[in-house]
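This report concerns only the one structure given below.
A quick note: this is a predicted structure, and the numbers were derived from the prediction, not measured.
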Amino acid sequence: MDAANEARQEDKGAAGKGASPKSPSPKSAASRPSNKASNAPQFTREEDQHAYREMLLIRRFEEKAGQLYGMGLIGGFCHLYIGQEAVVIGVQMASKDGDQVITGYRDHGHMLACGMDPKGVMAELTGRRGGYSRGKGGSMHMFSREKNFYGGHGIVGAQVSLGTGIGFANKYRGDGAVSLTYMGDGAANQGQVYESFNMAQLWKLPVVYVIENNRYAMGTSVTRASAQTDFSKRGISFGIPGEQVDGMDVRAVREAAARAIAHARDGEGPYILEMQTYRYRGHSMSDPAKYRTKDEVARMREESDPIEQVRKRLLGPHKVPEDEIKAIDAKVREIVNESAEFATSDPEPDPSELWTDVLLEPARA
């Protein structure tokens with residue numbers, strides 16, 4: 001069974017069984033990402049293999065996290081990235097070492113894309129001492145300075161001002177790094193976002209704002225919550241360029257991200273990328289997603305699944321033997337299963353950890 005079909009079977013029932021009477025039709029929710037393969041930039045065999053492996057790792061990791069949540073091994077909130085994998089992988093493929101990533105609470109995929117250890121990420125989800133925040137942060141509060149991941153943040157839109165600050169630090173130091181600052185379509189309506197846009201353009205800060213428009217924010221269609229649904233235009237009043245991107249096609253994402261990052265790195269200031277994407281699960285694990293139909297989710301999976309698009313290219317134009325693809329699948333499952341085993345067997349933090357990481361220890365001379 002291929003990756004998309006298998007994930008579809010595992011995801012049955014995740015979408016609501018019917019739409020709310022006030023819910024818009026699927027077409028009015030947002031324009032469907034176009035899948036114009038003939039006009040899309042082409043990937044080499046190696047690039048597609050890399051994209052397939054990295055996106056599949058996120059997909060399988062998130063599926064496993066959903067299973068552990070259902071078993072009661074993950075508490076609190078848990079926001080899965082299933083369906084949006086092409087966005088962060090495409091952007092990372094266009095970035096360079098030293099560029100930083102900061103995002104909101106749908107953050108596990110971004111961590112994995114930055115190269116963080118799946119064991120450490122999963123252990124943090126289950127609240128174990130081997131987690132990236134030693135089991136005290138959970139799903140929405142993980143960081144890795146080593147991998148230049150500046151956190152998933154639980155306060156809607158808070159990461160945008162912080163990401164702008166990272167861009168300010170980059171310009172101050174003159175290190176050539178670019179701050180890749182992610183937000184959702186819901187966060188794009190926050191006031192601090194526009195204060196950040198103004199500052200970033202005023203000082204020509206090296207920031208790329210990636211708006212992951214998955215169409216429903218916490219559960220309200222963008223057409224009901226946003227007066228301007230073309231999020232790429234949100235920076236017009238500040239003179240910030242932007243563009244809409246098919247966020248379900250990793251090739252289109254990488255191409256647009258390369259332009260945006262080059263613009264920021266060359267001292268031209270910030271850039272906005274609206275990634276038109278789609279989440280297959282609810283806003284969080286507690287969301288039954290009754291604001292959209294099951295048929296809508298199934299159609300998106302069938303027509304635009306980012307992983308299945310790459311798989312078809314590997315089997316077709318690239319002529320990769322199916323056994324090689326199965327080997328990638330098996331290796332990814334092994335990594336995810338090992339992370340789950342570690343996350344369920346690693347000890348919980350010692351009670352003394354309640355007193356650590358509260359205040360910054362003063363530097364000694």
Side-chain angles (χ1 to χ4, degrees), residues 41 47 50-51 54 84-104 106-107 109-116 142-153 157-184 187-188 192-213 231-232 234-235 238-245 247 250-275 277:
E47 288 169 336
H50 171 80
E54 296 302 305
Q84 300 182 212
E85 299 91 350
V87 176
V88 71
I89 295 303
V91 174
Q92 283 303 105
M93 290 179 74
S95 68
K96 293 183 178 180
D97 289 343
D99 292 341
Q100 306 100 339
V101 172
I102 188 169
T103 188
R106 198 177 309 281
D107 52 3
H110 302 74
M111 299 172 194
L112 298 176
C114 288
M116 292 170 64
M142 274 183 264
F143 309 83
S144 174
R145 291 189 64 180
E146 177 190 4
K147 300 297 184 181
N148 283 315
F149 181 74
Y150 282 75
H153 295 264
Q159 76 278 11
V160 179
S161 54
L162 296 174
T164 304
I166 293 171
F168 176 81
N170 292 339
K171 182 162 187 178
Y172 186 83
R173 290 190 296 255
D175 55 17
V178 173
S179 170
L180 305 171
T181 301
Y182 292 79
M183 74 191 91
Q192 61 190 313
V193 171
Y194 298 94
E195 294 180 53
S196 298
F197 285 176
N198 182 64
M199 182 180 291
Q201 179 67 348
L202 184 65
W203 293 341
K204 299 297 181 185
L205 302 182
V207 183
V208 174
Y209 297 106
V210 183
I211 302 176
E212 299 193 66
N213 179 9
F231 293 94
S232 69
R234 291 300 182 93
F238 306 103
I240 301 176
E243 59 182 289
Q244 290 183 319
V245 184
V250 68
R251 302 169 301 176
V253 173
R254 191 191 70 171
E255 181 184 51
R259 286 193 297 271
I261 292 172
H263 176 95
R265 204 184 308 278
D266 291 344
E268 299 298 320
Y271 203 100
I272 295 173
L273 294 174
E274 179 197 344
M275 298 296 178
T277 185

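We find the NZ-OG distance between Lys171 and Ser179 to be 14.0 Å, quoted to the nearest 0.5 Å. Rounding to the nearest 0.5 angstrom, the gap separating the NE2 atom in His263 from the CD1 atom in Ile272 is 10.0 Å. For the atom pair CD (Glu146) and CE (Met116), the distance works out to 9.5 Å, reported to the nearest 0.5 Å.
When all heavy atoms of Cys114 and Phe149 are compared, the closest pair comes out as SG-CD1, 4.0 Å. Of all the heavy atoms in Gly151 and Ile102, the pair that sits closest is O-CG1, 3.6 Å. Pairing each heavy atom of Asn148 with each of Gly98, the nearest pair is ND2-CA, 3.6 Å. Closest heavy-atom contact between Ala258 and Ala94: N-CB, 3.6 Å. Contact between Ala257 and Gly90 at its shortest, heavy atoms only, is CB-O, 4.4 Å. Residues Glu47 and Met93 share a closest heavy-atom pair of O-CE, 3.9 Å.
The side-chain heavy atoms of Gln84 and Arg106, taken from C-beta on, include a pair separated by under 4.5 Å. For the pair Val178 and Ser95, the minimum side-chain heavy-atom distance is 4.5 Å or more. For the pair Tyr150/Leu162, no side-chain contact is recorded, criterion being any heavy-atom separation below 4.5 Å from C-beta on. You'll find the side chain of Gln92 reaches within 4.5 Å of the side chain of Leu180, heavy atoms only. By the 4.5 Å heavy-atom criterion applied to side chains, Glu255 and Arg251 are not counted as neighbours.
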**Report entry** Residues Val101, Tyr182; criterion side chain to side chain contact (heavy atoms under 4.5 Å, CB included); working and verdict
**Finding:** CA-CA 8 Å; Val101 172; Tyr182 292 79; 3.9 Å; yes
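Using modelled atom types, no side-chain atom of Gln244 and backbone atom of Ser232 make a donor-acceptor pair closer than 3.5 Å. Between the side chain of Arg265 and the backbone N or O of Gly176, at least one donor-acceptor pair lies under 3.5 Å. Although no hydrogens or angles enter the test, the distance criterion places a donor-acceptor pair under 3.5 Å between the side chain of Asn170 and the main chain of Ala177.
With sequence neighbours excluded, the residues forming a salt bridge (Lys or Arg N to Asp or Glu O under 4.0 Å) with Glu85 are Arg59, listed by chain and number. Under the side-chain hydrogen bond (donor to acceptor under 3.5 Å, both in side chains) criterion, Asp107 pairs with no residue at all, not counting sequence neighbours. Under the side-chain contact (heavy atoms from CB on, under 4.5 Å) criterion, Val253 pairs with Val91, Val245, Met275, sequence neighbours left out. In this structure Arg145 satisfies the salt bridge (Lys or Arg N to Asp or Glu O under 4.0 Å) test with no other residue, sequence neighbours excluded. Every side-chain hydrogen bond (donor to acceptor under 3.5 Å, both in side chains) that Tyr271 has, sequence neighbours left out, goes to Glu243.
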Please table the atom pairs, donor to acceptor, closer than 3.5 Å between any side-chain atom in residues 193-211 and protein atoms at least two apart or in another chain.
unit_1: Tyr194; atom_1: OH; unit_2: Ala188; atom_2: O; d: 2.5
unit_1: Tyr194; atom_1: OH; unit_2: Arg234; atom_2: NH1; d: 2.5
unit_1: Ser196; atom_1: OG; unit_2: Gln192; atom_2: O; d: 2.8
unit_1: Gln201; atom_1: NE2; unit_2: Gly239; atom_2: O; d: 3.0
unit_1: Tyr209; atom_1: OH; unit_2: Thr164; atom_2: OG1; d: 2.7

